[in-house]
Amino acid sequence: MSLGDLKQLIKTGEGTYLEFKRVISSPVKIAREICAFANTKGGNLLIGVDDDKTIIGVESFYEQEFLLEQAAEVICSPQVDYSMEILPFYHRDIMLVKIHESSDKPIAVLNAENPAVFIRNRDKSVQASREAIHVLKNETSAKGVTFEFGPNERLLLRYLNEYEKITVREFSGLVNISKRKASKILVDLVSAGILRLFSHEKSDYFTLSHKLPS
């Protein structure tokens, strides 16, 4: 990648597939970004670029590369594949790190506390809900997803066609079933491509993948 191409990439700003980092401060922190990209559709980390799009560079990429390797291969489990390009910037370096989407989801971040799974939500890496984790597991499951399309599912689709979105708690109350069963139905419908899951800071919600005809 040329310096001109790099500047054009930076102009697009942070988003679902791009994250800026001034520097890698610790392998655990960068592992969250790596994990989120690997669990979603992959993406790029630009090390040496500030949040305001200022190109700063790093003094030496060797230490940064070591922290990156620790994050992707030790702290992320299973380990995450990535490729890296070093772009000289005056007397410093910019690191363009391409994180590949994992075929072995969900990827978890191991730390001193409990392992956590992260996904990409717009320009943020957020901790995945239980439902999001199950959707990730279904993506890589060789068995596929089967479900019975019954009265609960039909009522759900009619509700979504009118009100557009629903949470696990709302669906549970709508059809008078446990939250656990409501969660499974919603997850299975996401995995079947009928619904979409949106991660939110307070509560995930579900929408139809396509609007039903009136």
Side-chain angles (χ1 to χ4, degrees), residues 15-19 31-43 75-81 99-111 113-214:
T16 304
Y17 307 105
L18 183 62
E19 175 78 17
R32 295 171 184 170
E33 312 293 351
I34 294 170
C35 171
F37 280 131
N39 279 328
T40 314
K41 297 296 181 182
I75 297 175
C76 286
S77 179
Q79 70 179 39
V80 174
D81 291 330
I99 308 299
H100 304 292
E101 181 180 4
S102 176
S103 59
D104 194 14
K105 301 175 185 177
I107 304 297
V109 173
L110 307 178
N111 52 45
E113 301 172 358
N114 295 323
V117 174
F118 293 85
I119 56 174
R120 197 71 180 167
N121 183 19
R122 297 183 182 178
D123 62 344
K124 304 291 184 183
S125 296
V126 299
Q127 189 164 343
S129 66
R130 181 178 64 180
E131 287 72 33
I133 292 172
H134 282 301
V135 169
L136 291 173
K137 288 179 179 178
N138 286 343
E139 283 184 25
T140 55
S141 172
K143 297 179 181 178
V145 176
T146 59
F147 64 91
E148 183 177 341
F149 203 86
N152 290 342
E153 288 80 4
R154 286 194 289 271
L155 182 57
L156 170 66
L157 296 189
R158 287 200 297 270
Y159 179 94
L160 287 174
N161 206 41
E162 183 173 357
Y163 298 104
E164 297 188 352
K165 63 182 181 180
I166 196 168
T167 64
V168 171
R169 181 181 61 80
E170 289 168 343
F171 179 47
S172 171
L174 177 69
V175 296
N176 194 27
I177 58 176
S178 68
K179 289 183 181 179
R180 186 180 187 87
K181 187 173 181 180
S183 173
K184 185 180 187 310
I185 291 173
L186 291 167
V187 166
D188 285 349
L189 289 172
V190 170
S191 299
I194 297 171
L195 300 185
R196 293 181 65 190
L197 183 156
F198 290 86
S199 295
H200 193 271
E201 291 181 1
K202 294 182 179 180
S203 177
D204 288 1
Y205 63 89
F206 299 79
T207 71
L208 290 170
S209 293
H210 303 285
K211 188 74 172 179
L212 297 175
S214 302

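If you read the sequence from its start, that first residue is 1, and numbering goes on from there. Because the structure is a prediction, the values reported are computed rather than measured.
- Contacts of S183 classified as side-chain contact (heavy atoms from CB on, under 4.5 Å), with partners at least two apart in sequence or in another chain: R130, E131, V168, V187.
- The side-chain contact (heavy atoms from CB on, under 4.5 Å) search around S103 returns none, not counting sequence neighbours.
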* To do: Would you check, one step at a time, whether the test side chain to side chain contact (heavy atoms under 4.5 Å, CB included) holds for L186 with L197?
  => CA-CA 9 Å; L186 291 167; L197 183 156; over 6 Å; no

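- Annotation for R120 and S125: closest pair NH1-OG, 2.8 Å, computed over non-hydrogen atoms.
- With N39 contributing its side chain and F118 its backbone, the two residues share a donor-acceptor pair below 3.5 Å.
- Every side-chain contact (heavy atoms from CB on, under 4.5 Å) that D104 has, sequence neighbours left out, goes to P78, S102.
- Put simply, NZ on K181 and OG on S172 are 10.5 Å apart, with the number rounded to the nearest 0.5 Å.
- When every heavy atom of P115 is checked against every heavy atom of A108, the shortest pair comes out as CB-CB, 4.4 Å.
- With 3.5 Å as the limit, one finds no donor-acceptor pair spanning the side chains of R122 and T16.
- S129 meets the side-chain hydrogen bond (donor to acceptor under 3.5 Å, both in side chains) test with D204; sequence neighbours excluded.
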* Asked: Could you go step by step and tell me if N138 and D188 meet the side chain to side chain contact (heavy atoms under 4.5 Å, CB included) rule?
  -> CA-CA 8 Å; N138 286 343; D188 285 349; 4.1 Å; yes

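- F198 meets the side-chain contact (heavy atoms from CB on, under 4.5 Å) test with R196, Y205, T207; sequence neighbours excluded.
- Closest approach of L110 and S77 over heavy atoms only: CD1-CB, 3.7 Å.
- Annotation for I166 and L174: closest pair CD1-CD2, 4.1 Å, computed over non-hydrogen atoms.
- With respect to the salt-bridge test (charged N to carboxylate O, under 4.0 angstrom), the residues E170 and K165 do not qualify.
- Contact between C76 and A31 at its shortest, heavy atoms only, is SG-O, 3.7 Å.
- Partners of Y159 under the ring-ring contact (aromatic ring centres under 6.0 Å, His included) rule, at least two apart in sequence or in another chain, are Y163.
- One finds the NZ atom of K105 at 13.5 Å from the CD1 atom of I133 (value rounded to the nearest 0.5 Å).
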